[in-house]
Structures are given as structure tokens and as C-alpha cells.
Amino acid sequence: MRADKQTSWSYTEALPTEDEVLLRARERSYELGVSAVSSGVGAALTVLAAASKAATVVEVGTGAGVSGVCLLRGLGRNAVLTTIDSDVDHLRAAREAYAEAGIPGNRTRTISGRAAEVLPRLTDAAYDMVFIDADKASFPLYVDQAVRLLKRGGLLVVNDALDHGKVADPAVREATTNTLRKVGKAIRENENLASAMLPTGDGLLLAVKTA
Ligand SMILES: C[S@@+](CC[C@H](N)C(=O)[O-])C[C@H]1O[C@@H](n2cnc3c(N)ncnc32)[C@H](O)[C@@H]1O
């Protein structure tokens, strides 16, 4: 008998092998109470960063740097990650992870502040990739800002887009779940975006800005 989808899903999530740098960043995430991307999402971020050949990336929700290290490992040598977090302790831990990963300091721009205040200060159509992983209630605002920030051909990546399996269950009417349903629908219906949902982690929503 063939394995069911849940078994295949767990199997693929367990495939990536993480090195000491990522394992230490995960440990710091745990100590700080930060929920880092899953190893499957981390591997997908590295592949997406490499495939997109992005030179300029914005991340909303630095955490302790797990996703940042995964992104930076896929990006080219001259690419710069601009990453935003409202918690200075998280940013400090992330800088430690970047240093341990051997990332030169000039390849990361860590910005302390609330994303809703920082994103509007970033330049229009100047970024190749935007990764959103903080404060789900504000995802609609972050997605609007991301579409403004992306160049044509740029890639939007939204983490936790299936809200721990709740988006797919019509009986769940929680505010955050409803917000994520609306965000998914708005992205699917935006004729300037080509989108796809990867069932990786808790759902990785991808969209390319086509016009
Ligand atoms: C899910 S964690 C990010 C994990 C990180 N992407 C990783 O995989 O390593 C969310 C982060 O967003 C930050 N955060 C929460 N609300 C925020 C806001 N309004 N603006 C900026 N950062 C925020 C938290 O401090 C936390 O570090």
C-alpha cells in the first residue's frame, strides 16, 4: 500500500539536513521563544533565493536568523538581505548566526522596528524578493507593501500561509485564519501576480509580480 499524503509530507519535511550553524540558530530561536521556519521551508528558501538570482531581498521577521541564513546561502555573493524585526534581542541573535555562517557584514542590513513603519520607508520597485514571516494580523498590509517594493519579475514568499492547517478547515473562523484566507484569495485574484501554494511547513505561498 502507498503512503498517504500526510506521511509523504512528513517525509519531505525531514529530508533536509541542517549543519551546526543552523542548529545553533534554532537553539537560540528556541531560547528566545521565536518560531523559526521549518527545515523544509528553510531548504525551499535557499532554492528560491538561488533560482530567482535575487540581488536585493527584504525579510519581515528576522527572528534568530534561521530563515536569513537559508536565504543568504542561496543568494549570490553580492546580494543584500534587508531584514526587519521589532525585537533587538532577536536581531542580535540573527547577527550572530550570520557571522557564524561566514556572511560578510555588508551583505545584511538589520533594521529594528515595527514592519508597518519600516516597510513604507523602503524604495518602490527596488527588490527582487520579499519574504514575510511576522505578525500574521498585518499580512494584508505587508503583502501590499511587498507588491510595491518588488521589481517586475520579483518574488513574494509568505510563510505560514495555511495557518497550521486551519485555513483549509472551513469550520475554523478565527480572525487570523480568516485574514490568511483573504490574503491568499487576494493574491490568487491579483492579475499582476502568478501564484502557487507549496504545502511546505505550514504553507509557503509564492507569487511572482508579472506586471
Ligand atoms: C516567526 S518569527 C520569525 C522567524 C524567522 N523568520 C526565522 O525563521 O528564523 C517572527 C519575528 O517577527 C518579529 N515581529 C513580530 N511582530 C513584528 C512587527 N510588527 N514588526 C516587525 N517584526 C515583528 C518577532 O520579534 C519575531 O522575531
Side-chain angles (χ1 to χ4, degrees), residues 13 16 18-49 54 57-75 80-101 103 107-122 127 129-146 149 155-167 175-177 179-180 183 198 200-206:
E13 280 292 328
E18 296 193 325
D19 66 0
E20 284 298 314
V21 171
L22 281 176
L23 293 177
R24 271 197 296 275
R26 282 197 183 282
E27 217 170 280
R28 285 190 285 265
S29 304
Y30 180 75
E31 285 161 8
L32 290 165
V34 172
S35 166
V37 292
S38 71
S39 54
V41 168
L45 289 177
T46 303
V47 169
L48 292 167
V57 180
V58 174
E59 175 181 56
V60 179
T62 313
V66 172
S67 51
V69 168
C70 292
L71 285 165
L72 285 156
R73 284 181 167 167
L75 296 170
V80 174
L81 173 71
T82 297
T83 183
I84 304 163
D85 205 292
S86 50
D87 189 310
V88 288
D89 292 332
H90 298 180
L91 286 168
R92 193 175 304 118
R95 282 192 287 265
E96 215 173 311
Y98 305 152
E100 284 186 7
I103 309 290
R107 291 197 48 212
T108 58
R109 183 164 64 134
T110 50
I111 302 182
S112 159
R114 296 184 63 76
E117 286 150 28
V118 176
L119 289 170
R121 300 205 303 261
L122 304 182
Y127 296 89
M129 185 171 176
V130 177
F131 175 55
I132 298 176
D133 189 24
D135 177 24
K136 288 188 195 133
S138 300
F139 273 19
L141 171 73
Y142 300 160
V143 167
D144 283 350
Q145 285 293 317
L149 295 174
L155 176 65
L156 167 64
V157 183
V158 180
N159 195 36
D160 274 349
L162 293 174
D163 199 16
H164 306 279
K166 291 190 265 186
V167 164
T176 309
T177 311
T179 299
L180 289 178
V183 165
L198 300 189
T200 306
D202 285 311
L204 201 59
L205 180 52
L206 310 181

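Read the numbers this way: they start at 1 and go in the same order the structure lists the ligands and their atoms. Reckoned from all heavy atoms, side chains included, excluding hydrogens, waters and symmetry mates. Please read all numbers here as calculations on a predicted model, not as lab measurements.
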### Message
Whether Lys166 and Asp202 form a salt bridge (side-chain N of Lys/Arg under 4.0 Å from carboxylate O of Asp/Glu) is what I want to check.
### Response
no
### Task
Could you pull out all residues at least two apart from Asp135 that satisfy side-chain hydrogen bond (donor to acceptor under 3.5 Å, both in side chains)?
Ser138, Tyr142
### Task
Run through ligand 1 for me and note each protein residue having a heavy atom under 4.0 Å from it, chain first, then residue number.
Val34, Ser35, Ala36, Val37, Glu59, Gly61, Thr62, Gly63, Gly65, Val66, Ser67, Asp85, Ser86, Asp87, His90, Gly113, Arg114, Ala115, Asp133, Ala134, Asp135, Tyr142
### Salt-bridge present (Arg26, Glu31; N to O < 4.0 Å)
no
### Query
Are the charged groups of Arg24 and Glu20 less than 4.0 angstrom apart, N to O?
yes
#### Entry: Inter- and intrachain pairs under salt bridge (Lys or Arg N to Asp or Glu O under 4.0 Å), touching residues 108-119, at least two apart
none
N/O donor to acceptor pairs below 3.5 angstrom from side-chain atoms of residues 61-70, sequence neighbours left out:
from	atom 1	to	atom 2	distance (Å)
Thr62	OG1	Thr83	OG1	2.7
Thr62	OG1	Ile84	N	3.4
Thr62	OG1	Ile84	O	3.2
Ser67	OG	Glu59	OE2	2.5

